[in-house]
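Before I ask anything, here is the structure I am working with.
The first residue in the sequence is number 1, and the count goes up from there.
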Amino acid sequence: MKNEKSWAIFTNWLAVRSKITGFLLFLILSIGVISVSFLRNHIEREDERYEMDLLLDDAHQNIEQSLKNCYTTTVSLALTLNNDGIPQNFDTISKQLIKSNPLVSAVQLIPNGIIKYIYPMKGNEAAMNLNILETEDLKKEAQKSIKTHKIFFAGPLQLKQGGIGIVGRLPIYHKNTFWGFSAVVIKLETLLKTTGINSFNHPKYYFQISKKNLITSKEQFFLPLKRDFSKNYYISQSISDSNWKLYLVAKKTYTVYPQILLRAIFGLIIAMLFGILTSKLLKKPEELGLLLKIQEEKLLKNELKFKTIFDQATIGFVIIDANSGDFLEANTRYCNILGFTLEEIKKKGVQSITHPDDVDKLALNLKKINTGEITEYFSEKRTLTKSGNYIWISLTISPLWEANEKPTTYIAFIKDITKRREADSLIKKSQAKFKSLIDTIDGIVWEYDLETKTSTFISKKIESILGYSVDEYSGSPDFWEDHIHPEDREFAISLSAKENKSYDNRNFEYRMIDKNGKIIWIRDMLNFVYENKKPVISRGIMIDITIMKEAENDLNNSLQIVTEQNKRLLNFSHIVSHNLRSHTSNIESIIYLLESAESEDERKEMMQLLKSVSNSLDETMEHLNEVVNINTNINLVTKPLYLNNYVNKAKDILSEQIQLNDVTFITNIPDDVMINYNSAYLESIIYNLISNAIRYKNPERKLIITINLYKENDIDVFEIIDNGIGIDLARNGDKIFGMYKTFSNNSDSRGIGLFITKNQIDAMGGTITVDSELNVGSTFKIYIK
């Protein structure tokens, strides 16, 4: 009651003071008009900023993604260095890298800061031998790359080979020492074309690229429109791993929007008219109360309507009927996103424009909001536009209801995220492309996180080299250690990323066991990645060098064979020289005596001696010929032979001597045992060893010959043991297998059997050893390869 009385007094006071009342009304309306105009101008500016952010983000992401692809190129180029720090297949790999990355016009390897390798060379000759660490306008950006241990994109700058370009340089560390750089050269015009900046033609904005000159500290601009835009509205973003910026600049200077200014002036005029009209109306007290009440109601309605219609946000929003899902209201931003008019939107339902794959999920969550199970729903989904295409939006739905009541309407906030999803898709494709490129490298590329002590990457090449899948490797934290050859495990682990506490880059070789149990030789090239001077990741590549190792072993074996052949050849030449010289000397002496003989009987005696020497020479030549045949027969035919059959055959040939000397044999060889050997050599070897045992038997005891076959270090050993007179090895050990070397007084000892036996065994790739003691006996062991 009191308030009503006070209000009546106040209104009466205003009613009698028409000019003051008119001025106050004008002042209130003017403040309202100015506030609304300012708010509207702010909203327009926010919309412009949002539009510029989208355009700049899109261009920035394109540039960033393009430069990330160049990082892959520099890493792949760095992997061409061999263990000695020399590039391998530089032109071939460079050609493939440029083909896979059209943005790059040339690649370089820069040992010690001097450009020594360029592909393609044509058109880039001027850059050859340029020392970037001593060139004044290049060295600071090059040194920044070394300091950060990361790729750094220098430029835009004037290229020595002509034109404006950007050079991305990745520092390379070989054996923990700075080696130089791997670099990509990007023409500025190519980058602008690839990212779409040079084709950007917008009525309101334009792009500009700048960098801070490291010498003068002044900002340089590189796109054609180099005018001062400090008074214009602009936004900018820095490009990663570089010192240059990308600007988006409004073409018009920063000012109040003309249409808003006109509306504000018009609003002030109306406010003035309202003030004048009010002053005049207040002169008629009878009409003033009614008119003021009507005007007040109208003002309130107009204010609510204005707020509803014109208070637009920078994102779309709609009001949705909770029961039917139909759109009740939608702002201009949402209509623009989909291309529908407000009337068309109101004829749609939220589910009717949702992608079929997202409808069930949307309906379920709307039901949860309706029942109070959740208070808000957020998702990223596809929605239909007027053109019939689906775009990606982020959607947030909240219920509108009063206390203790079910919601009757929902308010939904919508943002177009199509470009972001496309960018995500592009990133995934780039990652897939990078993985595909990694998989083409002829080695297993791997990565290990030093902080979590886990493997973070293994390339698909593991399948062709070790036979295991990527999942099998990733599924076991100790897979690598478990598949190293047992003899190399301790050595390899001590040099690995796990145990290498000095964090030295290194190459080392070891053996691994593949899925089929085969031994694979691996050369592992280990490097460390630093962040803030701290090693965080180790990376490397495991290269299959099995073929190289086998070739190395074959070469060593061949060298050993050649060395052995040379020794045998030298020994044979000494034998030939000595024995033939002995015979020729005898013949020469007999001929001299024959010429000086005085009687026929003396001549006959000399002739008889000459004949004897001739026969001896013929026998020597036969022996030498047999040895030559053994050493020159490189196409010996070998086949599986039953060993016992050849032992028995030698016994049959020597049966008369065995019977006369009452020889006892102890044979420990199963009847079904077979060995791969030349049949003629096997027969000769067994015959010579058994006949020698009989020839040099001890007359004071019964001769026992024991024949064994057993394994020694996985090699078959054929052993013949006798209890004969034995050999003084201290005196004759180095001559025992020499030609015409005898060690007893037996008249039939000729010293050729063991010599031929040794040559036959050598020719088959085996070895023979002897262990003997005087008056005890001898043991001959033949190691069969």
Worksheet item: With under 30° as parallel and over 60° as perpendicular, where do the rings of His483 and Tyr468 fit, or are they tilted in between?
Response: perpendicular
Discussion item. Rounded at 0.5 Å granularity, tell me how far CG in Leu466 sits from NZ in Lys515.
Written reply: 11.0 Å
Worksheet item: For the atom pair CG (Leu660) and CG (Leu654), what is the distance rounded to the nearest 0.5 Å?
Response: 11.5 Å
Practice prompt. Find the distance between CD1 (Ile675) and CG (Leu643) and round it off to the nearest 0.5 Å.
Written response: 5.0 Å
Worksheet item: Can you tell me if Arg523 uses its side chain to pair, donor with acceptor, with the backbone of Met542 under 3.5 Å?
Response: no
Item to complete: Keeping the roles fixed (side chain from Asn505, backbone from Phe528), state whether a donor-acceptor pair exists under 3.5 Å.
Response: yes
Practice prompt. Please indicate whether Lys649 has more than 12 foreign heavy atoms, meaning atoms of other residues, nucleotides or ligands, lying under 6.0 Å from its NZ.
Written response: no
Worksheet entry | Asp544-Thr546 side chain donor-acceptor pair, cut-off 3.5 Å | yes
Practice prompt. Verify, without hydrogens or angle tests, whether Thr638 (side chain) and Tyr677 (backbone) share a donor-acceptor contact under 3.5 angstrom.
Written response: no
Discussion item. Are more than 12 heavy atoms, taken from residues, nucleotides or ligands other than Glu531, located less than 6.0 Å from that residue's CD atom?
Written reply: no
Worksheet item: Do Trp446 and Arg539 have side-chain heavy atoms sitting under 4.5 Å apart?
Response: no
Worksheet item: Side chains of Tyr510 and Asp524: is there a donor and an acceptor less than 3.5 Å apart?
Response: yes
Practice prompt. State, with a plain yes or no, whether a side-chain heavy atom of Ile715 is found less than 4.5 Å away from one of Ile784.
Written response: no
Discussion item. Once you measure the plane-to-plane angle for Phe90 and Tyr117, does it fall in the parallel (<30°), tilted (30-60°) or perpendicular (>60°) bin?
Written reply: tilted
Discussion item. Looking at Asp449 and Glu451, would you say the former's side chain and the latter's main chain have a donor-acceptor pair under 3.5 Å?
Written reply: yes
Discussion item. Could you report the tightest heavy-atom contact between Phe181 and Ile172, atom names first, then the distance?
Written reply: C-CD1, 3.7 Å
Response to the item:
Across all chains, not counting sequence neighbours, the ring pair (Phe, Tyr, Trp, His ring centres under 6.0 Å) partners of Tyr473 are Phe479
Response to the item:
Between Thr779 and the options Thr769, Val770, Ile721, Thr706, the side-chain contact (heavy atoms from CB on, under 4.5 Å) test singles out Ile721
Discussion item. For Asn516, is there any backbone N or O sitting under 3.5 Å from a side-chain donor or acceptor partner on Asp514?
Written reply: yes
Item to complete: Scan side-chain atoms only and decide if Ser684 and Gln760 contain a donor-acceptor pair under the 3.5 Å cut-off.
Response: yes
Worksheet item: Between Thr757 and Asn688, is any side-chain donor less than 3.5 angstrom from a side-chain acceptor?
Response: yes
Worksheet item: Are any of the side-chain heavy atoms of Ile658 and Lys651 separated by less than 4.5 Å?
Response: yes
Worksheet item: Between Asp488 and Arg511, is there a donor-acceptor pair closer than 3.5 Å when you use the side chain of the first and the backbone of the second?
Response: yes
Worksheet entry | Ser494 (side chain) donor-acceptor with Phe491 (main chain) under 3.5 angstrom | yes
Discussion item. Measuring from atom OH of Tyr710 to atom CD1 of Ile669, what distance do you get when rounded to the nearest 0.5 angstrom?
Written reply: 11.5 Å
Worksheet entry | Ile666 vs Ile704 side-chain heavy atoms within contact, under 4.5 Å | yes
Worksheet item: What closest approach, in Å, do Ile93 and Gln88 show between heavy atoms, and which atom pair accounts for it?
Response: CD1-O, 3.7 Å
Worksheet item: More than 12 heavy atoms of other residues, nucleotides or ligands under 6.0 Å from CG of Asp671: is that the case?
Response: no
Practice prompt. Report yes if the side chains of Asn89 and Thr80 come closer than 4.5 Å at any heavy-atom pair, otherwise no.
Written response: no
Discussion item. For the backbone of Val663 and the side chain of Asn661, can you confirm whether one donor and one acceptor N or O come within less than 3.5 Å of each other?
Written reply: no
Practice prompt. Would you indicate whether Glu700, at its atom CD, is surrounded by more than 12 heavy atoms from other residues, nucleotides or ligands within a distance under 6.0 Å?
Written response: no
Worksheet item: Of the non-hydrogen atoms in Ser182 and Thr74, which two are nearest, and what is the gap between them?
Response: OG-O, 3.0 Å
Fill in: Flag side-chain contact, heavy atom, 4.5 Å: Leu81 against Trp179
yes
Worksheet entry | Check: Asp91 and Lys95 side chains under 4.5 Å, non-hydrogen atoms | no
Fill in: Gap between atom OG of Ser455 and atom OH of Tyr448 - 0.5 Å precision
8.5 Å
Fill in: Derivation of the salt bridge (charged side-chain N to carboxylate O under 4.0 Å, His left out) call for Asp716 and Lys711
CA-CA 5 Å; Asp716 288 326; Lys711 292 277 189 183; 3.0 Å; yes
Item to complete: Return yes when atom CD1 of Ile547 has more than 12 non-hydrogen atoms of other residues, nucleotides or ligands closer than 6.0 Å, and no otherwise.
Response: no
Response to the item:
On a heavy-atom basis, the closest approach of Gly443 and Lys461 is O-CB, 3.3 Å
Practice prompt. For residues Leu703 and Phe665, determine if any side-chain heavy atom of one lies less than 4.5 Å from a side-chain heavy atom of the other.
Written response: no
Discussion item. Please tell me whether Thr456 and Glu447 have a donor and an acceptor in their side chains that are separated by less than 3.5 angstrom.
Written reply: yes
Discussion item. Has Ser778 got a side-chain atom pairing as donor or acceptor with Ser772's backbone, closer than 3.5 angstrom?
Written reply: no
Worksheet entry | Atom CZ of Phe508: over 12 foreign heavy atoms under 6.0 Å | yes
Discussion item. Please tell me whether Thr664 and Lys702 have a donor and an acceptor in their side chains that are separated by less than 3.5 angstrom.
Written reply: yes
